[in-house]
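Computed over heavy atoms, backbone and side chain alike; hydrogens, waters and symmetry mates excluded. Residue numbering restarts at 1 for every chain, and letters A, B, ... go by the order of the sequence lines.
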Protein chains: 2
Amino acid sequence: MTTIKDIAKAAGVSVTTVSRALNGYSDVNEKTRKKIIEISKELNYSPNILARGLVMNKSKTIGLLVSGFNKESIKDNFTFEVLSGINQYAAETDYDLVLFNTTSTKQREKTYAQLCRERRVDGVILQGIKTDDPYLQEVVESNIPCVLIDIPIQTENVGFVTTDNIAGAKSAVRYLIELGHKNIAMVNGHDLAFVSQERLEGYKRALSEAGLSFRKELVINGAFEEGKSEEVTHKLLNDYPEVTAVFCASDLMALGSIKAAGKSGRKVPESLSVIGYDDILLSSYVSPSLTTIAQNKQQLGFHAAQQLIEMLEKESAPAHIILETELKIRQSTAGI
Amino acid sequence: MTTIKDIAKAAGVSVTTVSRALNGYSDVNEKTRKKIIEISKELNYSPNILARGLVMNKSKTIGLLVSGFNKESIKDNFTFEVLSGINQYAAETDYDLVLFNTTSTKQREKTYAQLCRERRVDGVILQGIKTDDPYLQEVVESNIPCVLIDIPIQTENVGFVTTDNIAGAKSAVRYLIELGHKNIAMVNGHDLAFVSQERLEGYKRALSEAGLSFRKELVINGAFEEGKSEEVTHKLLNDYPEVTAVFCASDLMALGSIKAAGKSGRKVPESLSVIGYDDILLSSYVSPSLTTIAQNKQQLGFHAAQQLIEMLEKESAPAHIILETELKIRQSTAGI
DNA sequence: CTGAAAGCGCTAACAT
DNA sequence: ATGTTAGCGCTTTCAG
């Protein structure tokens, strides 16, 4: 493996000059630079990024802390799409991505912050972390530049990007109301997800603006899981037969609700309207296809990467970015 | 950021002792070790992995060269599942994953081998690379330990893992034959994919074993894309109305074929049987659900990671691992 | 415009 | 069982 030392020797100059030439400094004779570059090509030189990182105290890598790397998350490939967006932006830069994972096993008892420090990542993107996760606190306090996805924390070195969940949920419920529904239930995720809190708020507001009263017994938690949602929806439809529409905080849960409808003798959309959230791939393929609030997951990742790298490169302040959502009307909803 | 130097000072020993204590060497007094460990915790020490990598000449990272990180690949989340499997294995080790990407832009004109050398990855896993990709050659020749997914190259430092594509394709076609089909077309991917060559071979063998003749005009290429497959299948059904069954080399293409069937006035499975390959998530959700050859993509990744890390740690020789496939009978196929 | 020298944090002979 | 020393490959003052 050739080093700048080898090049220096071959070119008859010092390592300093080689370093400067290769890094595009101006104070080096063009002739020497040309020569050095030529030699470095001949010798098939690649800089040792570890050595550079050691002395410069930065690694040109950004760490990815995603919790959704398991079988569960393959269904809604939220994580993957976010990743794809991050990658898309990062590809245009000279940053590489390192994947940390949360599967806490015996051998891997290190905390996130430790992981980040060890690897000397320049910054971190967090995704899929619950609001009460101790790691979250840790990372936020660690003063590593950091961008959170769907968690609204902003500090001196932490920014975030999310979608407008209140508006999204509101437009979903408003649409159901426009269709004539009056008894609208909600299948939420869980209380520890920021997006759940927001979507609940949107649900409430839409009801209130339409002069409908909020009944907390019509809001149930489906844990963001298809099966759990099926279970709780089934019970709900039994207990409150007046319900004619369900707003689900995720498409996966909407799929579960639709199954539950079948078990309860309801037909979607004729005797029950179901609207989801996310617009995962499955939504347009299932039958009936799912009316849903679409959020652009790739954009989420893209903007997160962009923001982080701008914090790193331009020392810009952490920001909060709120992306818009879009109502996609398909077949799972109908007028009453 | 605390270093072993700080710890050494605090403990009144030399850095060597600290290094040895922390790395679990036996030749250090238990008392001193305890003290050192305690102090290192107090000081919230994390080793600088770059420094360690520099001197040890290894980085404890493995590089991921995947080509499927774009919008296309979100549909069949093959890439994601493989990644998930890799991650699953890696999580149990102290290796981290770094994601390289292929989006060749101006700024990123480095070759894979360069990327790997720069980052000093200890090994690489390649996925989604075409057989004629110059990078493939480069990496194989670079003598970096490497595991290929679905490309059967085995050298001194290159192993691979794949599924038994011949057997898989054969069982798909054999199943169609058992259903009574005689005129069976095949929508293949493209010639530059190893799996396509294998699956074609399986198709031929199944025909031959059943005494059916191979007609090369019934084999068309769908480029592994849904839209392309729809297009070519449409034409095929038009030109050869005697065809009653189609074997597709991927589920995504099977989805396209089913659409084409609709356009051609064929009903699946009543007047056209379609069988896919992969068993992507969509397959069980679409209607009619897709009969297909399932391959375990997570296993693919898992075994790749396992093999690579064993090459790295135990210096075991590169191997080739062939995983089994499974016929999943659903609704898109029927007897004639 | 170029070079000498120091040092980033760590490990590894080689003493002792 | 512990310390001394050298060095991994690179960047960066500081002097010419």
Protein within reach of the bases, or only the backbone? For nucleotides 5-14 of chain C, mark each nucleotide 5' to 3' as B, S or -, using heavy atoms under 4.0 Å. B-BBBBBBB-
Which is it for B:Phe100 and A:Leu97 under the side-chain contact (heavy atoms from CB on, under 4.5 Å) test, yes or no, and what are the steps along the way? CA-CA 7 Å; B:Phe100 295 128; A:Leu97 305 174; over 6 Å; no
A:Val18 and its side-chain contact (heavy atoms from CB on, under 4.5 Å) partner, picked from A:Ile4, A:Ile39, A:Val28, A:Thr32: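 Of the listed residues A:Ile4, A:Ile39, A:Val28, A:Thr32, the side-chain contact (heavy atoms from CB on, under 4.5 Å) partner of A:Val18 is A:Ile4.
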Could you tell me whether [X] and [Y] make a salt bridge, using a distance below 4.0 angstrom between a side-chain N and a carboxylate O?
X: A:Lys35; Y: A:Glu38; result: no
X: A:Glu118; Y: B:Arg52; result: no
X: B:Glu313; Y: B:Lys60; result: yes
X: B:Lys58; Y: B:Asp122; result: no

Within the structure, does a side-chain N or O atom of [X] lie under 4.0 Å from either OP1 or OP2 of [N]?
X: A:Thr32; N: C:dC1; result: no
X: B:Thr17; N: D:dG3; result: yes
X: A:Ser14; N: C:dA4; result: no

Tell me the interatomic distance from [X], atom [atom1], to [N], atom [atom2], rounded to whole angstroms.
X: A:Ile36; N: C:dC1; atom1: CD1; atom2: C1'; result: 11 Å
X: B:Glu30; N: D:dT2; atom1: CD; atom2: P; result: 10 Å
X: B:Lys35; N: D:dT2; atom1: NZ; atom2: P; result: 10 Å

Counting the atoms with a prime plus P, OP1 and OP2 as sugar-phosphate, which does B:Asp27 contact under 4.0 Å by heavy atoms, base, sugar-phosphate, or nothing?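 Base, at least one base atom sits under 4.0 Å.
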